[in-house]
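See below for the structure under consideration.
The shown structure was predicted, so the numbers you read here are calculated from the model rather than taken from an experiment. If you read the sequence from its start, that first residue is 1, and numbering goes on from there.
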Amino acid sequence: EFPLFMTSPGLSRASSEAAANARAAHIFSELPRAWVSDATCGIGADAMALSRAGAKVLASDKDPFLAACASANLTAYGHVANVMVADCLRHPARADVLVLDPDRRPGGERTLNPERWSPSFTEALELASRHEGACLKLAPAMETDGVRPLGDLSHHWEWVSVNRSLVELCLWTGALASGEPRQATLIRAGEVVARFSGTPIPTDPLPTEELEEPPFLHDPDPCLVRSRLLGTLAGELGLRGLHPKLALLVGDAPATSPFLDSFRVRGSAPLDRKRVRELLRAHDIGSIEVRKRGHPDPAEVLAQRFKGPGERHGTL
């Protein structure tokens, strides 16, 4: 394989290959004859994914060196290199679909204020409205409540997780939008494993008297939590929340959804070092994986702190 041509800022903005492939596949499946403008192409990760999917791509960036990197990468990997230097706000070419990744580090400093991005969120929405369909790549931590994309512009939000790491928030508009307002997308080993769409509903919490030892504990993928679809999925599966402020579910059997990792509960104790050690010793647990909510110490530190002499591996 050829190496990628890149700059450090360009690499930091580049999409996960698996996420880029999933996005490209959706665009090509919905609008296979469309010309796609990757108008903030950076080093060309999305342009290459779109080309692999079969789309006709025009890549551009206002940074001449990044545009040169994108052209070199596309050529090296055998793709057609339609690349130009252009500002997305004053783009000279027309396209059917827009893919836009605003720079969230204007001046080199990361910001979660979307109006400080380049282009700003308002400018990006206006650009999207000019195309048959668009995908705006946004910060996964961006708050979407109360955000109303331009007038009646059809849209949906998508949170994407790759191997249990939340990597992207995408706003799909126009012909690329689905009928549901929110979607969680799960990618494992480079492939889309599942998608879940719907409208957020609250999680039904377990009664206090049943908190001690629920039969099974279910840990959700971060894309499900961030999309606020945890309660929606729990309702469909008949699961309850462990606590109103904790993104953990409980039930009487292993979960059937790939969005949930299920664990059989063998015992519980307050987070006191002596009592936890006694609990683990009683079940012959030695090495442990820690999954935590709200504790200030890293999971790896807690795993070493509570590791014991037992023969079995457990999850705390």
Quick check: do [X] and [Y] have side-chain heavy atoms less than 4.5 Å from each other?
X      : Y      : answer
Asp38  : Leu58  : no
Pro298 : Val301 : yes
His91  : Ser60  : yes
Leu237 : Ser257 : yes
Phe259 : Leu186 : yes
Leu127 : Leu98  : yes
Ser37  : Val97  : no
Val290 : Thr315 : no

Could you give me the CA-CA distance, side-chain angles and deciding distance for Met48 and Leu74, then say whether side-chain contact (heavy atoms from CB on, under 4.5 Å) is met? CA-CA 6 Å; Met48 286 193 288; Leu74 285 160; 3.5 Å; yes
Between [atom1] on residue [X] and [atom2] on residue [Y], distance to nearest 0.5 Å:
X      : Y      : atom1 : atom2 : value
Arg273 : Arg277 : CZ    : CZ    : 6.0 Å
Leu239 : Leu260 : CG    : CG    : 6.5 Å
Leu224 : Leu229 : CG    : CG    : 6.0 Å
Arg305 : Leu316 : CZ    : CG    : 11.0 Å
Asn113 : Thr111 : CG    : OG1   : 5.0 Å
Leu169 : Leu136 : CG    : CG    : 9.5 Å

Please say whether more than 12 non-hydrogen atoms of neighbouring residues, nucleotides or ligands are located less than 6.0 Å from [atom1] in [X].
X      : atom1 : answer
Arg293 : CZ    : yes
Glu123 : CD    : yes
Glu115 : CD    : yes
Asp252 : CG    : no
Lys307 : NZ    : no

Check step by step if side-chain contact (heavy atoms from CB on, under 4.5 Å) holds for Ile27 and Leu176. CA-CA 7 Å; Ile27 292 172; Leu176 298 176; 4.0 Å; yes
Under the salt bridge (charged side-chain N to carboxylate O under 4.0 Å, His left out) criterion, do Arg228 and Glu143 qualify, and how do the steps go? CA-CA 11 Å; Arg228 299 187 181 174; Glu143 290 295 337; 3.3 Å; yes
Give a yes or no answer on whether the side chain of [X] reaches the backbone of [Y] with a donor-acceptor pair at less than 3.5 Å.
X      : Y      : value
Arg226 : Ala141 : yes
His283 : Ile285 : no
Arg240 : Pro205 : yes
Ser29  : Ala25  : yes
Asp61  : Leu66  : no
Ser227 : Cys223 : yes
Trp159 : Pro222 : no
Asn73  : Gly44  : no
Thr75  : Ala72  : no
His156 : Ser178 : yes

Report yes or no: do [X] and [Y] belong to one cluster of Ile/Leu/Val/Met/Phe/Trp/Tyr joined by side chain heavy-atom distances under 4.5 Å?
X      : Y      : result
Leu100 : Met142 : yes
Leu233 : Leu242 : no
Phe263 : Ile288 : no
Val57  : Met84  : no
Phe121 : Val99  : no

For Asp46 and Arg23, run side-chain contact (heavy atoms from CB on, under 4.5 Å): C-alpha distance rounded to whole Å, both residues' side-chain angles, the deciding distance at 0.1 Å, then the answer. CA-CA 8 Å; Asp46 273 293; Arg23 176 170 38 256; 2.9 Å; yes
Within the 3.5 Å criterion, strictly below it, is a donor on [X] or [Y] matched to an acceptor on the partner's side chain?
X      : Y      : answer
Ser161 : Asp221 : yes
His218 : Ser262 : yes
Asn21  : Arg52  : yes
Gln183 : Thr185 : yes
Arg182 : Thr144 : yes

Nearest heavy-atom pair of [X] and [Y]: which atoms, and what distance?
X      : Y      : answer
Asp103 : Arg105 : OD1-N, 2.9 Å
Ala19  : Val167 : CB-CG2, 4.4 Å
Ile187 : Val160 : CD1-CG1, 3.8 Å
Cys41  : Ala70  : SG-CB, 3.8 Å
Leu249 : Leu230 : CD1-CD1, 3.6 Å
Pro64  : Val85  : CA-CG2, 3.9 Å

CA sep, side-chain torsions, deciding dist, call: Asp96, Val36, side-chain contact (heavy atoms from CB on, under 4.5 Å): CA-CA 6 Å; Asp96 308 294; Val36 183; over 6 Å; no
Assess the residue pair Asp219 and Arg164 against the criterion (salt bridge (charged side-chain N to carboxylate O under 4.0 Å, His left out)); give the C-alpha distance rounded to whole Å, side-chain angles, the decisive distance to 0.1 Å, and a yes or no. CA-CA 11 Å; Asp219 189 12; Arg164 284 197 66 83; 3.6 Å; yes
My understanding is that only one of Glu158, His26, His155 makes a side chain to side chain donor-acceptor pair (under 3.5 Å) with Trp172; could you say which? Glu158
